[in-house]
Amino acid sequence: MNAEIKRGSLEMVAAMLISGSIGWFVLMSGQPVINVVFWRCVIGALVLLVVCALLGQLKRDCLTRATLLLAIAGGVALVVNWLLLFAAYSYASISIATAVYNTQPFMLVGLGALFLGEKLTARKLLWLLLAFIGMVLVVLAQPNLPGGQKHYLWGILLSLGAAFFYALMALAAKHLKGMPPHLIALIQATVGGVMLLPFFDFHAQANSAQWGILATLGIVHTGLMYVLLYGAIQKLPTHLTGSLSFIYPIAAVGVDWLAFDHHLAVLQFAGAAMILLAAAGMNLLGERSMRRLRQGKSLV
């Protein structure tokens with residue numbers, strides 16, 4: 001393993017472990033979800049502004065009107081994704097919300113087929129079917145949660161909504177090639193702060209510990225995490241990036257178990273495992289497809 005791959009792998013692992021802990025910070029903040037996302041955007045934007053300035057990315061030639069509008073649209077989708085996912089934690093647990101959220105690759109496949117003319121191959125459909133079966137198992141599970149089944153199903157719907165809006169953001173990002181990724185993240189975080197300001201709950205008071213949690217969400221889970229993630233993506237081959245990304249849901253399940261003693265029921269575990277397996281298969285399929293394209297081979 002060369003030095004660049006090793007460094008990129010360490011950055012990716014760190015980014016995924018940070019992502020896996022975000023649910024604990026959201027729940028322990030004791031703040032309304034809108035306030036949590038607002039402060040994440042504002043503090044994260046300040047960190048990313050410094051990063052972009054140090055990297056020399058604050059240049060007018062990095063942006064055109066079209067790319068700016070697309071980055072803003074992606075920012076709106078990303079913020080809605082955060083709102084829905086963070087809300088889902090309180091309804092369906094961090095573990096289940098994260099597992100269901102990992103249906104996002106299939107949302108992106110569907111959007112790509114609808115709007116980019118991308119072909120739905122037999123392999124993609126098989127992985128999609130496996131993820132769907134996993135989703136059915138998760139829905140059929142009888143959770144041991146205070147709100148009961150209706151509470152649980154609402155959490156699943158919120159997680160699916162979050163996955164859909166993440167896919168919309170990813171679709172927008174596909175058209176921003178050549179634009180510095182840290183600058184995209186800065187624009188998205190800034191959009192989030194402006195977008196959520198009218199809905200901010202000024203009556204929700206935070207103590208010093210809660211302010212520390214909110215600051216961590218902005219500095220570590222947004223600013224630092226984006227720097228690590230984009231640094232890793234630039235250094236690693238796609239298949240390794242996809243493989244290491246599954247540290248995130250595993251870490252989230254671990255945090256949920258250690259912090260809140262949430263244990264997955266048999267059906268929940270089986271369904272979550274099938275969803276993650278299907279998502280992993282889709283990632284590996286994407287890498288194989290790229291190799292075949294480069295070699296001039298069929299993608300069937």
| task | With sequence neighbours left out, write down each residue that passes side chain to side chain donor-acceptor pair (under 3.5 Å) with Glu11, or none if nothing qualifies. | result | Arg7, Lys235

| query | Once the angle between the rings of Trp82 and Phe86 is folded into 0 to 90°, is it parallel (under 30°), tilted (30 to 60°) or perpendicular (over 60°)? | reply | parallel

| field | Leu158 vs Leu85 side-chain heavy atoms within contact, under 4.5 Å | value | no

| Taking the side chain as C-beta and beyond, is there a heavy-atom pair between Tyr89 and Ile22 under 4.5 Å? | yes

| query | Are Leu130 and Phe106 grouped together when hydrophobic residues (ILVMFWY) are joined by side-chain heavy atoms under 4.5 angstrom apart? | reply | yes

| query | Atom OH of Tyr248 and atom CG of Leu229: how far apart are they, to the nearest 0.5 Å? | reply | 12.0 Å

| Are Val50 and Leu55 co-members of a hydrophobic cluster defined by side-chain heavy atoms under 4.5 Å apart? | no

| request: Please tell me if the side chains of Tyr166 and Met107 come closer than 4.5 Å, counting only heavy atoms from C-beta onward. | output: no

| field | Phe269, CZ atom: more than 12 neighbouring heavy atoms under 6.0 Å | value | no

| query | Under 4.5 Å between any side-chain heavy atoms of Val80 and Leu168, yes or no? | reply | no

| Verdict with supporting geometry, Val109 and Leu128, side chain to side chain contact (heavy atoms under 4.5 Å, CB included) | CA-CA 9 Å; Val109 166; Leu128 181 58; over 6 Å; no

| task | Give the minimum heavy-atom separation between Gly74 and Met169, together with the two atoms involved. | result | O-CG, 3.3 Å

| said: If hydrophobic clusters are built from ILVMFWY residues whose side chains come within less than 4.5 Å, do Leu197 and Val37 share one? | reply: yes

| field | Close side-chain approach of Met179 and Ile187, heavy atoms under 4.5 Å | value | yes

| task | Apply side chain to side chain contact (heavy atoms under 4.5 Å, CB included) to Leu160 and Val100, showing your working. | result | CA-CA 6 Å; Leu160 286 171; Val100 174; 3.7 Å; yes

| task | Please examine the side chains of Met225 and Leu228, heavy atoms only from C-beta on, and report whether any two atoms are closer than 4.5 Å. | result | no

| If you measure from CD1 on Ile219 to CG on Leu224, what distance do you get to the nearest 0.5 Å? | 10.0 Å

| said: Side chains of Tyr101 and Asn81 only: does a donor on one sit below 3.5 Å from an acceptor on the other? | reply: yes

| query | Among Trp39, Tyr226, Phe25, which one satisfies ring pair (Phe, Tyr, Trp, His ring centres under 6.0 Å) with His221? | reply | Phe25

| message | Starting from Leu46, can I reach Trp211 by hopping between I/L/V/M/F/W/Y residues whose side chains sit under 4.5 Å apart? | response | no

| message | How long is the straight-line distance from CE of Met195 back to CG of Leu78, given to the nearest 0.5 Å? | response | 9.5 Å

| Going from CG on Leu277 to CH2 on Trp127, what distance comes out if it is rounded to the nearest 0.5 angstrom? | 5.0 Å

| task | Kindly check if the number of other-residue, nucleotide or ligand heavy atoms within 6.0 Å of CZ (Phe38) is above 12? | result | yes

| task | Show your working on side chain to side chain contact (heavy atoms under 4.5 Å, CB included) between Ser159 and Ile96 and close with a plain yes or no. | result | CA-CA 9 Å; Ser159 302; Ile96 292 299; over 6 Å; no

| said: If you compare all heavy atoms of Leu108 against all heavy atoms of Leu171, which two are closest, and at what distance to 0.1 Å? | reply: CD1-N, 4.0 Å

| request: Rounded to the nearest 0.5 Å, what's the gap from CG on Leu217 to CZ on Arg40? Could you check? | output: 7.0 Å

| Main-chain N/O of His262 paired with Asp256 side-chain donor or acceptor, under 3.5 Å | no

| remark: Of all heavy-atom pairs linking Ala270 and Leu137, the shortest is CB-CD1, 4.2 Å

| Would the number of heavy atoms belonging to other residues, nucleotides or ligands and lying under 6.0 Å from CZ of Phe132 be above 12? | no

| field | Closest heavy-atom pair and its distance - Val47, Gly223 | value | CG1-CA, 3.7 Å

| query | Can Ile34 and Asp201 be said to form a side chain to side chain contact (heavy atoms under 4.5 Å, CB included), step by step? | reply | CA-CA 8 Å; Ile34 287 179; Asp201 184 358; over 6 Å; no

| task | Quick one: closest heavy-atom pair of Val36 and Ser29, and the distance? | result | CG2-OG, 3.3 Å

| Just by modelled atom types, is the Ala167 backbone N or O under 3.5 Å from a matching donor or acceptor in the Gln104 side chain? | no

| message | If you compare all heavy atoms of Ala272 against all heavy atoms of Val138, which two are closest, and at what distance to 0.1 Å? | response | N-CG2, 3.8 Å

| request: Determine whether Thr67 and His175 make a side-chain contact, defined as any pair of heavy atoms from C-beta on separated by less than 4.5 Å. | output: no

| Cluster check Leu27, Leu214: I/L/V/M/F/W/Y, side chain < 4.5 angstrom | yes

| message | Please report the interatomic distance CD1(Ile43) to OG1(Thr216), rounded to the nearest 0.5 Å. | response | 8.5 Å

| Ignoring hydrogens and geometry, is there a side-chain-to-backbone donor-acceptor pair from Gln31 to Gln205 under 3.5 Å? | yes

| task | Kindly indicate whether the side chain of Cys41, heavy atoms from C-beta on, has any atom under 4.5 Å from the side chain of Val79. | result | yes

| request: Determine yes or no for a side-chain-to-main-chain donor-acceptor pair under 3.5 angstrom, with Ser21 supplying the side chain and Ile18 the backbone. | output: yes

